[in-house]
Each structure stands twice: as C-alpha cells, then as structure tokens.
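All remarks here apply to the structure that follows.
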Amino acid sequence: MDSVEAPKKSLNFIEAMVEQDLRDGLNNGRIQTRFPPEPNGYLHIGHAKAICIDFGIAEKYNGICNLRFDDTNPLKEDVEYVDSIMEDIQWLGYQWENVYYASDYFQQLWDLAEKFILDGKAYVDEQSSEEIAKQKGTPTVPGTESPYRNRPIKESLELFRKMNTGEIPEGKMVLRAKIDMTSPNMHMRDPIMYRVITDHPHHRTGWTWKAYPMYDFAHGQSDYFEGVTHSLCTLEFEVHRPLYDWFIDQFQETDYRPRQTEFNRLNLTYTVMSKRRMLQLVEDGLVSGWDDPRMPTLCGLRRRGYTPEAIHNFIDKIGYTKYDGINDYGLLEHAVRETLNKTATRVNAVLDPVKLIITNYPEGQVETLQTENNPEDEQAGIREILFSRELYIERDDFMEDAPKKFFRMTPGKEVRLKSAYIVMCTGCKKDEEGNIVEIYCEYDPNTKSGMPDANRRVKGTLHWLSTENVVEAEVRLYDRLFIVENPTADERDFRELINPDSLKVLTGCFVEPWLKNEPALSYFQFQRVGYFNIDPDSSAEKLIFNRTVSLKDSWAKEKRK
RNA sequence: UGACUUAUGGUGUAAUGGUAGCACUACAGAUUCUGGAUCUGUCUGUCUAGGUUCGAAUCCUAGUAAGUCAGCCA
C-alpha cells in the first residue's frame, strides 16, 4: 500500500548509539544523562546545544536527565550563577529530574580517593607544580616518575588527610593517580586527583574542605554515583576518556558503568563563545552586560527577542557530529525568522518618519480600518487601525527621482497603503537644505481594501501610521557584534574587530499606541521592517524596542547592483 | 615530530557496501495588499593515492589537512 508518510528523520550518531545500547539491553535499558555546568558564568547558545542533547536524549528514550553543578573549584564558582543557569534551562523548556552538586559527593569522592591510596593506585606528591610540570614531559617526550611515587601507602594516606585539615599549605602537596608517566596520552601521566585550597571558602560547603577533587576525578565518579548511563560532552574531552574509563575500571563493582561520548561544540560566525572573551566584552564595557542583546548568552538572546522555539529550531538544523566546523550566523537568523514568521503579530511602525498628506482627503475625517494580525495564522484575527488625512510613512519609501525598479512612493506613480487605499504621489516639499519635509498624494476613494477597485495591480505596498494615532518609541537596531567571520582566529585582538554598527539607537520612531501596554519581551513583526521585541527597560512612558532580526530585504540587494 | 579525533557543494548535515540527498546561502523566475512569506528552477560536493569488492562517500593501508591534549581550570 502506498503511503505518504514523511521520510524518517535520520538519527544523529548519539541517538543511533543510544538505540543500539537499548537493543543490546545495556544497563537494563535504563537511560540517564546529566547536564553538568560549572556555576561560574552565564549559559550561552553553545550550552543550549548541550542542553538539548542531554535533556533531549532522556526525553526521547524515556530516561531521566539531572542537572549537576560541577562545583569543584571554589575559586571560580558562585551561587550567583546557579539561579540564572536554572532559569535558562527552564526557559528552554526542560525540567531536570534532580538537582545535584559535585560538592554533594565530596565525602564519597574522598573515601574513594583513600581507597585508591590503599590500593597503591594513588600517592601524595610533595613537589612544586613547576617540578611536576617538568616531569610531565611533552606530547612527544615521555614523562619521568616522581620521587614520591613509590612512597609507603601509609605515608600517603597520612599526608592526604593532612591536606584536608589546613596543615598543608596550598601548592605544597597533591594527590596523584599512579598510572603511566610514559603514556602517549598526557592525561594518563599520573594526573592530579586532589589539590589544596585553604584560603577560599566553597560556595556550598564553606570551610569544611581544604582538599578539592580535580575535574577528571570528580566528573566521571559523580556520573557513576548518580547512575548516569550516557555522559555526553564536547570534543575537547576526547583525550580525557581513557582516564575517565581508567578511574571507573579501578572500582567498578557491577556491569553498570557510565560511558562518555563526545560531540562537536557549537561555533558561530561573527561571534565569540568563550567565557573568557565574553567576560572581557562585559568588563571592558564593549557591551552593556551579560544580557546585552548582542551577546550569544541565553539571557542576551532572550532580550534580543529570540524565543525558545527559535533556539530549538536552530539547534535542530545544525545537528550533532564529531566534525568541528563553524556554523553560519545566517542560519541562526533564518531559524528565528522562520519561527517568528508564524507567530509574531504584525504591527505598523515607522522608524524614520516623514509626513504624507493626502490632499484630497477631507480634513478632520478619521476612518477606522481593519487589518490582519498575522497573514500566516488565521486564528490571529484582525484589529482596527485609524486612517486620516495626514500620515507618517518611512523616509526610505519615498524617492523624488526614482530608478525604474523602485516600487514605492515617487511622483506620478501609484502605491497601495496597506489595508487602506491606493494613492497617487503628486510631489513633495523641501526645506532650504533640500530635506524632504512633506510628501503629497491623492487617494482613490474606490480603492479601499475590500472594494473591487482595490484589486488593481499596484507594484508597491507601504506601511503607515495616522499622525493622530501614534506613540513615540526608541528603537535599538542590533546587528552582528563582529566584522569578521572568525574573531577568535584573527591575528588582531578580538576587541578591535567589533562591528561599529552593531547597535544603532533610533529615537522619535512611531508605533501603534496599544503597544505601550504590552509586557516586556513581547515580540512583533514591524511590517516590512523586521522582528522586534519590547526591551525589559521599556515602560509605558518610554517605549523601547529591540530589533531581533530584520526581514529579508531584496530591495536592499537590488540597490547594491 | 607523540596520542586521540575528524575530513561529503560557500556553510551545516544525510546516505550505515547498492541512484550522492536535505537545509542555509547565492542566482533566476512565478506569486503576493509585507520587495516578507510561499512556490519553481539553477549553480556548486565525496581531501589524495592505492587496495578489498560485481559494486566504495561508506571497509582496509598510506599520505595530506584540520582540531584537541603539556592548569594544582572545567
């Protein structure tokens, strides 16, 4: 029988692996993932990619996903970030099964570390970090063993305990796994498991601990304690995997074990994604903060007008592979346009207003016209707009001497005023400097939208507002933050590569009056212009809109020719 | 010159030994009361060289190129 089912969307390699594991009956068919942020900064679109796979896999295969804060470095972490991270995850539409902290496992990790010492698999090294680094060798030169490597187990155990009492100053001792100093994998050359941090409290455990586990010892073991089956992370942890597996090999008690799988991180053109660089942008005042609408942070994108659906749409398009490429910023813009096109209410807004006078329209007359809220959505309904003799139109929509392909207002030509009448341009008035101050036209009363004559073919349609019925607004036009595709790869400092036009603030713009009562973050399509949302700093007294993304503009393209 | 990983149009991603497809971009055209959206079409691709096979983007070998790793960061 013929069927018209949509072709099955192919699985990405992680989904394929999970389905294979399920077929193999691995871990009794249990699927558990985790999203493990370090609470030391704000989440960005790259994290969103990780969140979507971590939570998405759990959701798709009836598993669970926990949120686990990887808080093993008290120097860098703060509660301040915990709340914003949770907010961003929920904004994306996900709910974790449990919230855990790596610091919840400090005792368990400690006991495990002692077991490693007792088993002769870890030792306390008293050398300086410089000495340890020197002995580590290089990728091409094998390392040499520490003189403390074969000290008595009892000695290591005593010293390890002292590392946690404050008796041992910072930097004087570390606990190291005893693996192989000649391994071609640097991470296997007796990696550090614990270091001492005495003069900084942990944001959750305070002064309880003086010895803190390193990522490699904390992360995999936390996965194991929690019962994670699929530990998904980005490509740079590939070389850590042998160590991840080695630790678990040493104490694994049943068939169960977590498996680490790496996927490509998200790189975006015209964007910097590293926490360090983003922090510099904030600290140098190059952006207004972490939630500056030009930032790739989730709070920045949210303020810019991106919706969770738009983010998901984008993440769906880019996929998960092991190839470390760079994604087009244009694809992100396409994703948000595609999403908002279906949902954004259309409104009239005139960003650069000039007065249009309909000379044959009765003075003082006001008509109430109807217009669609969204032609892409029949459910969206219609609303009323007021029409009168004097209107505002976009300065760009008039040219006194227009080229042939200019389909807008120019003397002697007809254009349609959206949802109103067809008008014929008759001229304009200029000031002494030649600036156009008024444009004149005559309307055809028989061409009101809905009337038979309104079906006349007219090339251009303009948006407009009645001068009687507008409210003023500030409009912030945002564009990509950098002028080069890959600021990180450029030899110049990335701060010199900032797009000087990434923000243009327009004042004296006009919008439909009802918009002043809409809540912050509401989003709209300014008809023929772009997608805009209401900035959180906006108020009924002072309306502020952010441009999320412009509409595609084939006239701009035509003009360039 | 070590280990690990990767290589499919300009970009991202499919094809799981059997017709190289999709999306974005670009470019045409149709259509349109948004120069938006929608629709149609066009351009452009399996890193190289060997091998296995009836058949290779896919498997093997070698090369080339790229990424990651030498924090008491994660």
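Lettering follows sequence order; numbering is per chain, from 1. Just so you know, these numbers use all the heavy atoms, side chains as well, and skip hydrogens, waters and symmetry mates.
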Requested in this report: Could you work out the separation of B:U68 and B:A56 based on their P atoms and round it to a whole Å?
Outcome: 35 Å
Report task. Write down the distance between CD1 (A:Ile192) and P (B:A70), rounded to a whole number of angstrom. Result -> 12 Å
**Report entry** Short side-chain N/O contact from A:Thr72 to OP1 or OP2 of B:A74, under 4.0 Å
**Finding:** yes
Requested in this report: Assign each of A:Leu11 and A:Gln525 to its nearest nucleotide of RNA chain B by heavy atoms, then name whichever residue's nucleotide is nearer the 5' end.
Outcome: A:Leu11
Requested in this report: Determine: side-chain N/O of A:Lys557 to OP1/OP2 of B:A26, distance under 4.0 Å, yes or no.
Outcome: yes
Requested in this report: Using a heavy-atom cut-off of under 4.0 Å over every strand shown, decide if A:Glu394 touches base, sugar-phosphate, or nothing.
Outcome: nothing
Report task. Looking only at non-hydrogen atoms, find the nearest pair between A:Leu351 and A:Phe526 and report the distance. Result -> CD1-CD2, 4.0 Å
Requested in this report: Would you classify A:Gln527 as touching base, sugar-phosphate or nothing, given that sugar-phosphate means primed atoms plus P, OP1 and OP2, and contacts are heavy atoms under 4.0 Å?
Outcome: base
Query - OP1 or OP2 of B:G71 under 4.0 Å from side-chain N/O of A:Arg195 - result: no
Report task. Considering only atom P, compute the distance from B:U61 to B:G12 and round it to an integer number of Å. Result -> 27 Å
Query raised in the report: Strictly by modelled atom types, are A:Asn267 and A:Asn327 linked by a side-chain donor-acceptor pair under 3.5 Å?
Result: no
Query raised in the report: Hey, are A:Thr33 and A:Asp54 close enough side-chain-wise for a donor-acceptor pair under 3.5 Å?
Result: no
Query raised in the report: Expressed in whole Å, how much space separates the C1' atoms belonging to B:G51 and B:G17?
Result: 15 Å
Requested in this report: Please check if any side-chain donor atom of A:Asp125 sits under 3.5 Å from a side-chain acceptor atom of A:Gln127, or the reverse.
Outcome: yes
Report task. Measure centre to centre between the rings of A:Tyr81 and A:Tyr42, then say whether the value is under 6.0 Å. Result -> yes
Query raised in the report: Side-chain N or O of A:Asn264 less than 4.0 angstrom from OP1 or OP2 on B:U13?
Result: yes
Report task. When you get a sec, tell me which of B:C73, B:U34, B:G10 is the closest nucleotide to the side chain of A:Asp328? Result -> B:G10
**Report entry** Syn-anti status, with the boundary at 90° from 0, for the nucleotide B:G51
**Finding:** anti
Report summary line: Rounded to whole Å, CZ of A:Phe160 lies from C1' of B:C72 at a distance of 13 Å
Query raised in the report: Between A:His187 and B:C69, is there a side-chain N or O to OP1/OP2 distance below 4.0 Å?
Result: no
Requested in this report: Describe the nucleic acid contact of A:Ile422 in one word from base, sugar-phosphate, nothing, applying a heavy-atom distance below 4.0 Å.
Outcome: nothing
**Report entry** Base-contact (B) and sugar-phosphate-only (S) positions in nucleotides 58-65 of chain B, heavy-atom cut-off under 4.0 Å, - elsewhere
**Finding:** --------
Query raised in the report: How far apart are the closest heavy atoms of A:Glu485 and A:Ile326, and which atoms are they?
Result: O-CD1, 4.3 Å
Query raised in the report: Which value, in whole Å, describes the distance between the C1' atoms of nucleotides B:A14 and B:C27?
Result: 25 Å
Query raised in the report: Taking CZ from A:Arg265 and P from B:A74, how many angstroms apart are they, rounded to a whole number?
Result: 16 Å
Report task. Decide if the gap between the ring center of A:Tyr421 and the ring center of A:Phe387 is smaller than 6.0 angstrom. Result -> yes
Requested in this report: Quick one: label A:His219 by what it contacts on the DNA or RNA (base, sugar-phosphate, nothing), any heavy atom closer than 4.0 Å.
Outcome: nothing
Report summary line: Checking B:A74, B:G12, B:G35 against the side chain of A:Ile318 (C-beta onward), the nearest is B:G12
Query raised in the report: Under 4.0 Å between a Lys/Arg side-chain N and an Asp/Glu carboxylate O for A:Arg241 and A:Glu262?
Result: yes
Query raised in the report: Stacking here means centres under 5.5 Å and planes under 30°; does A:Trp555 stack on B:G35?
Result: yes
Report task. For nucleotides B:U46 and B:U16, find the distance between their C1' atoms and express it as a whole number of Å. Result -> 16 Å
**Report entry** Gap between atoms CG and P, on A:Asn341 and B:U34 respectively (whole Å)
**Finding:** 12 Å
Query raised in the report: If the P atom of B:C47 is compared with that of B:C69, how far apart are they to the nearest Å?
Result: 26 Å
Query raised in the report: Which part of the nucleic acid, if any, lies within contact of A:Ser128, taking any heavy atom under 4.0 Å across all strands shown: a base, the sugar-phosphate backbone alone, or nothing?
Result: base
Query raised in the report: Are A:Tyr105 and A:Glu226 close enough, and set up right, to give a side chain to side chain donor-acceptor pair (under 3.5 Å), and what steps lead you there?
Result: CA-CA 10 Å; A:Tyr105 307 126; A:Glu226 284 174 13; 2.5 Å; yes
Query - Pair of N/O donor and acceptor under 3.5 Å linking B:G36 base with A:Glu376 side chain - result: yes
Requested in this report: May I ask you to say what A:Pro36 touches in the nucleic acid, namely base, sugar-phosphate or nothing, with a heavy-atom cut-off under 4.0 Å?
Outcome: nothing
Query raised in the report: Rounded to the Å, how far apart are A:Arg346 CZ and B:A37 C1'?
Result: 8 Å
Query raised in the report: With both distances kept under 3.5 Å, what pairs with B:A20, Watson-Crick or G-U wobble?
Result: none
Query - Flag side-chain contact, heavy atom, 4.5 Å: A:Leu356 against A:Met409 - result: yes
**Report entry** Near-ring test A:Tyr215/A:Phe237, centroid separation under 6.0 angstrom
**Finding:** yes
Query raised in the report: Looking only at side-chain N and O atoms, does A:Ser10 come under 4.0 Å of OP1 or OP2 in B:U13?
Result: no
**Report entry** Heavy-atom donor-acceptor pair, A:Arg408 side-chain to B:G35 base, under 3.5 Å
**Finding:** yes
Report task. With heavy atoms under 4.0 Å as the rule, sort A:Leu331 into base, sugar-phosphate or nothing. Result -> sugar-phosphate
Report summary line: Taking B:A74, B:G35, B:U34 as options, the one with an atom nearest any side-chain atom of A:Phe237 is B:A74
**Report entry** Given B:A14, B:U34, B:A74, the nucleotide with the shortest approach to the side chain of A:Thr321
**Finding:** B:A14
Query - Whole-Å distance separating the CD1 atom of A:Ile53 from the P atom of B:U13 - result: 13 Å
Query raised in the report: For the pair made of CG in A:Asn12 and P in B:U16, what is the distance, rounded to whole Å?
Result: 16 Å
Report task. Apply the test salt bridge (charged side-chain N to carboxylate O under 4.0 Å, His left out) to residues A:Glu170 and A:Lys210: give CA-CA distance (whole Å), side-chain angles for both, the deciding distance (0.1 Å), then the verdict. Result -> CA-CA 9 Å; A:Glu170 280 188 26; A:Lys210 300 286 191 292; over 6 Å; no
Query raised in the report: Checking side chain to side chain contact (heavy atoms under 4.5 Å, CB included) for the pair A:Ser466/A:Tyr392: CA distance, chi angles, key distance, verdict?
Result: CA-CA 6 Å; A:Ser466 164; A:Tyr392 292 117; over 6 Å; no
Report task. Report which part of the nucleic acid A:Ser419 touches: base, sugar-phosphate, or nothing (heavy-atom distance under 4.0 Å, all strands). Result -> base
Between protein and nucleic acid, restricted to nucleotides 3-6 of chain B and to nitrogen or oxygen atoms under 3.5 Å apart, what atom pairs and distances do you find?
residue, atom, partner, partner atom, Å
B:U5, O2', A:Glu238, OE2, 3.3

Requested in this report: Write down the distance separating the P atoms in B:C59 and B:G10, rounded off to the nearest Å.
Outcome: 23 Å
Query raised in the report: Which is it for A:Glu512 and A:Arg383 under the salt bridge (charged side-chain N to carboxylate O under 4.0 Å, His left out) test, yes or no, and what are the steps along the way?
Result: CA-CA 11 Å; A:Glu512 294 182 39; A:Arg383 73 177 185 288; 2.6 Å; yes
Requested in this report: Please determine, for the side chain of A:Glu38, which listed nucleotide (B:A74, B:C72, B:A23) has the closest atom?
Outcome: B:A74
Report summary line: Separation of B:U31 atom P from A:Asn455 atom CG, nearest Å, is 16 Å
Requested in this report: Taking only the side-chain nitrogens and oxygens of A:Lys552, find out if one of them lies under 4.0 Å from OP1 or OP2 of B:U25.
Outcome: yes
Query raised in the report: With rounding to whole Å, what would you report as the distance between B:U1 and B:A65 at their P atoms?
Result: 11 Å
